[in-house]
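Below: the structure, in structure tokens.
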Amino acid sequence: MSARQSTLLPLFTTFNTDPVTLARRLLGQRLVRIHQGVRLAGTIVETEAYLGEPDRAAHTFNGRRTKRNASMYLPAGHAYVYFTYGMHHCMNVVCGKKDEGVAVLLRALEPTEGLKVMYQHRFAAKRDIDLCSGPAKLTQALAIDLTCDGINMLTSNDLFIEKQRSRCLPGRLIGRSARIGVGYAHSWAKKPLRYFILGNPYVSRAAPAVKATAR
DNA sequence: CCCGTGATTTAT
DNA sequence: TAAATCACGGGG
């Protein structure tokens with residue numbers, strides 16, 4: 001067994017679940033990017049669940065299939081990276097069943113490895129909390145772009161998730177709120193599908209939040 | 001508050 | 001074909 005496998009989130013089954021479960025399960029785990037031989041990594045502290053066909057805010061709403069969102073229909077454990085606002089990349093972890101079109105958006109990391117290189121990637125960052133405290137900040141810090149779209153994180157040596165804990169964080173440590181930036185999504189805009197580690201200073205922003213109940 | 005920036009989506 | 005939109009970030 002390789003060193004990588006020993007700390008990898010164990011199996012396909014870890015990701016082969018619904019996006020709400022995965023959004024909570026990913027909190028406290030580590031996203032790792034190997035870029036030009038340098039290991040860039042951080043603890044996942046904020047996520048959002050996107051629920052696919054019925055979810056007005058999801059790129060796969062109403063079963064929409066485009067060149068951009070194609071990888072959101074791949075099997076669980078793949079990366080869905082997209083480009084938006086003419087300059088930003090965002091990264092999702094695909095989950096659910098193949099062709100279901102559900103995923104978890106990674107919104108913030110607490111940076112743990114390669115901070116010096118992250119500062120080089122993040123021109124505007126002054127402090128550590130500026131490095132990865134937003135979905136497009138973390139992709140910029142970790143050099144995640146369209147070349148990462150469709151990567152299978154279960155087998156990749158360049159982009160993967162490492163297990164830091166075997167169990168989900170307890171519900172009393174998880175906050176939840178409405179998702180950010182989806183005000184157009186009618187009734188789906190208000191659903192509490194954003195999850196974050198309560199009190200963690202690296203989340204993208206404070207928001208009216210309620211404590212997530214234990215599951 | 002406003003704007004950059006360009007691919008995607010929607011309207012005509 | 002044209003117009004509007006956008007799972008954002010930075011600056012005032």
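Naming convention: chains lettered A, B, ... in sequence-line order (proteins, then strands); numbering from 1 in each chain.
In this model, the phosphate group of dG10(C) is approached by a side-chain N or O of Arg122(A) to a distance below 4.0 Å at OP1 or OP2.
For the P atoms, the distance linking dA11(B) with dA7(C) amounts to 16 Å, nearest Å. The separation of dC6(C) from dT12(B), taken at their P atoms, amounts to 16 Å, rounded to a whole angstrom. dT5(C) sits 16 Å from dC2(B) when the P atoms are compared, rounded to a whole Å.
Side chain of Ser156(A) to backbone of Leu159(A): a donor-acceptor contact under 3.5 angstrom is found.
Spacing between atom OH of Tyr85(A) and atom C1' of dG6(B) amounts to 13 Å, rounded to whole angstrom units. Atoms CG (Asp145(A)) and P (dG6(B)) sit 16 Å apart, rounded to a whole Å. One can place CZ of Arg107(A) at 5 Å from P of dC8(C), the figure rounded to the nearest angstrom. The distance between atom CZ of Phe123(A) and atom C1' of dG11(C), rounded to the nearest whole Å, is 13 Å. Lys126(A) has its NZ atom 13 Å from the C1' atom of dG9(C), to the nearest Å. Rounding to whole angstrom units, CE of residue Met87(A) and C1' of dG11(C) are separated by 13 Å. If you measure from atom NZ of Lys137(A) to atom C1' of dG11(C), you get 13 Å, rounded to the nearest angstrom. Atom-to-atom, CD1 of Ile180(A) to P of dA7(C) comes out at 13 Å; the value is rounded to the nearest Å.
In this structure, the ring of His59(A) has its center less than 6.0 angstrom from the ring center of Tyr82(A).
Among the nucleotides dT5(B), dG9(C), dA7(B), the one closest to any side-chain atom of Phe83(A) is dA7(B). The listed nucleotides are dA7(C), dG4(B), dG10(C); the one nearest the side chain of Asn92(A) is dA7(C). Looking at the side chain of His88(A), the nearest of the listed nucleotides dG4(B), dA7(C), dG10(C) is dG4(B).
Considering all non-hydrogen atoms of both residues, Ala143(A) and Arg33(A) come closest at O-NH2, 2.9 Å. For the pair Ala141(A) and His121(A), the tightest heavy-atom approach, listed with the atom from each and the gap, is O-ND1, 2.8 Å.
Contacts between residues 48-74 of chain A and DNA chain B, defined by a heavy-atom separation below 4.0 Å, involve Arg64(A), Thr66(A), Arg68(A), listed by number.
Ion pairing between Arg39(A) and Glu162(A) holds under the 4.0 Å rule for side-chain N and carboxylate O. Looking at Glu53(A) and Arg64(A), no side-chain N of the basic residue comes within less than 4.0 Å of a carboxylate O on the acidic one, giving no salt bridge. A salt bridge between Asp99(A) and Arg65(A) is present, with a side-chain N of the basic residue lying under 4.0 Å from a carboxylate O of the acidic one.
Nucleotide dA2(C) is matched to dT10(B) when pairs are restricted to Watson-Crick or G-U wobble geometry with both distances under 3.5 angstrom.
Residue order along DNA chain C, read from the 5' end via each residue's closest nucleotide, puts Tyr184(A) first among Gln140(A) and Tyr184(A).
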